[in-house]
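Read through the structure below, which is laid out as structure tokens, and then see the notes.
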Amino acid sequence: MVMVLAAAEYKLRYADSVLGYAWSIGKPLAFFSVLYVVFGRALAFGAEVGQYPLYLLLGIVLFTYFSDATNTAMESLVVRAALLRRLAFPRLVIPIAITVTVFITFFVNLIAVAVFIIGNRITPQIEWLALIPLFVELYLLAFGVSLIVSTVYVYLRDISQIWDVLLQMLFYSAPILYPLQLLPSWAQRAVFANPLTQIMQDARALVLGSDEAPTIGIVFGHWSVRLIPITAVLLVASLGIFLFRRRQFEFAERV
Amino acid sequence: MVSLGLEEKPAVECVGLTKLFSIPHNARHALRDYFTHPLSRASHEVNKALIDVNVAISPGEFFGIIGPNGTGKSTLLKIIAGIYRQTSGIVRVNGKLSPFIELGVGFNLELNARDNVRINGTLLGLSLREIGERFHDIIAFAELERFVDQKLKNYSMGMQLRLAYSIAIRAPYEILLLDEAFAVGDENFQQKCRETFVRMRSEGKTVIIVSHDLEWIGEYCDRALLLRDGLAQRVGPAKEVVGLYLEQEEAAASD
């Protein structure tokens, strides 16, 4: 059921647009180009990181998944009011289908990353398999937050404005466009309060090396500090599931 | 309690079923309302949609639910289906219950019949394999062979309903819930629908139907329930209950 709905959702996203699926890869690339020109060239952030374009692109692709998934999921229940009022089915199917659909787009975007990797003559390493648990962590974070914002949206539409602001904060408080090394040491620690930072830096360290992207373990001096954001992600996911399941019986009446 | 002897357990049994909707006078979807009126809990109006409804429907029975608009007919159906949760009382179901109460749930006008059969069929509980096996039957019954690859938005209302009906009768239920589902298509298609109802009866399926089509209820249903202002006014042989309802309406009209 999830897969059928996700496939339909994916088809619908780009139905009637001339370039179709190309948009899913085009949008982050366009975003990337602007940021690269401004921050990579004009402001020379690249000086700190040998492979700034790849550094930047990885950050954007990871963040885009998070923001796309949560934004699309937020309205997903309200948009499907007709379905909720006419059919008894596990309500969790909806946010799962949405976050999975956006995850497909995320993988398409990784193709762009792969092109950059080939262009930079980086040889894939066996350690890159560690990217998989990082992607799972990213998914769980996006899924948990999606459950929370979609449930809240049923009762309070303001959450969409609030979430806009929060997403902006999350974007700038993670080292997406600036290299972490550029920050004073207290700030290097502070940005890890954003769980996306740990995921992003770990992923970059695997591909680019930890000299270019210091991980949470390096910044705090012990690898195990990584467990804090991972626990936070699991807590967010559990909280999301708890909240959603508690409220799901009201959705049909409230949307 | 009177012994039912060898009779089977009811297919659907409602005991003391009550459903209250609390309707805020001004739905508070915006945060502003919480600030501008911090002290007043939003004023609520309690709408008693169903009050202590008791009814038992036997396996293989065709059961009609009638009554004026806004008297809880659809609410009752939704609670039986599990779409709404009752405020108090018990619903017992023996047998596989159709999860939908209207035809064409999940239909998307931007997708073609092929995709819509897949989505709608999945939502109704068919596996992709079953849908594949039955696809030709579904399209042939709906008489839409020539339009399979057209988007649903190019279909007439009648064509959409025929497709929806054709999928619904192939869903794997023992107890079917329908809200105003018939009067589908032209005379030829109506005839086919009548035949499927005859077949359902011979297969021993239980059908619970909400309708304003009193003639249909009187003709096809074994028993009926008359709901008025959330109260079960009468349960009995369909013709009798329809007769009572017509009398009441006439009396009301002549006042």
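Chain A is the first sequence line, chain B the second, and so forth, proteins listed ahead of strands; every chain is numbered from 1.
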**Request:** Kindly give the heavy-atom pair with the smallest separation between B:Ala81 and A:Ala88, and that separation in Å.
**Result:**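 For B:Ala81 and A:Ala88, the tightest heavy-atom pair comes out as O-CB, 3.2 Å.
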**Asked** Going from CZ on A:Phe249 to CD1 on B:Ile83, what distance comes out if it is rounded to the nearest 0.5 angstrom?
**Response**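 So the gap between those two atoms works out to 13.5 Å.
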**Distance, nearest 0.5 Å, that separates CZ of A:Phe251 from CZ of B:Arg85** =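 A:Phe251 CZ to B:Arg85 CZ: 12.0 Å, rounded to 0.5 Å.
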Contacts of [X] that satisfy side-chain hydrogen bond (donor to acceptor under 3.5 Å, both in side chains) - sequence neighbours left out:
{"X": "A:Arg91", "value": "none"}
{"X": "B:Arg146", "value": "none"}
{"X": "B:Asp149", "value": "B:Arg114"}

**Message:** Quick check for you: among B:Leu177, B:Leu128, B:Val105, B:Asn116, which has the greatest number of heavy-atom pairs under 4.5 Å with chain A?
**Reply:**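 That would be B:Val105.
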**Asked** Based on non-hydrogen pairs under 4.5 Å, which of B:Leu97, B:Leu123, B:Ile119 is most in contact with chain A?
**Response**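 Winner by heavy-atom pair count: B:Leu123.
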Can you say whether [X] sits under 4.5 Å from chain A via the side chain, the backbone, both, or neither, judging by heavy atoms?
{"X": "B:Asn108", "result": "side chain"}
{"X": "B:Phe107", "result": "neither"}
{"X": "B:Leu124", "result": "side chain"}

**Message:** Only heavy atoms, only distances under 4.5 angstrom. Which residues in residues 60-78 of chain B are near chain A?
**Reply:**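 Listed by number: B:Lys78.
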**Asked** For B:His212, does the NE2 atom have more than 12 heavy-atom neighbours from other residues, nucleotides or ligands under 6.0 Å away?
**Response**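 More than 12 heavy atoms, drawn from other residues, nucleotides or ligands, come within 6.0 Å of this atom.
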**Message:** Is A:Leu84 in contact with chain B via its backbone, its side chain, both, or neither, using a 4.5 Å heavy-atom distance?
**Reply:**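 Just its backbone gets close to chain B.
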**Item:** chain B contact via A:Ala82 - which portion, at a heavy-atom distance below 4.5 Å
**Value:**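 Neither part.
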**Request:** For a side-chain contact (heavy atoms from CB on, under 4.5 Å) with B:Thr122, tell me which candidate from A:Val4, A:Val2, A:Leu5 qualifies.
**Result:**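 When side-chain contact (heavy atoms from CB on, under 4.5 Å) is applied between B:Thr122 and each of A:Val4, A:Val2, A:Leu5, only A:Val4 qualifies.
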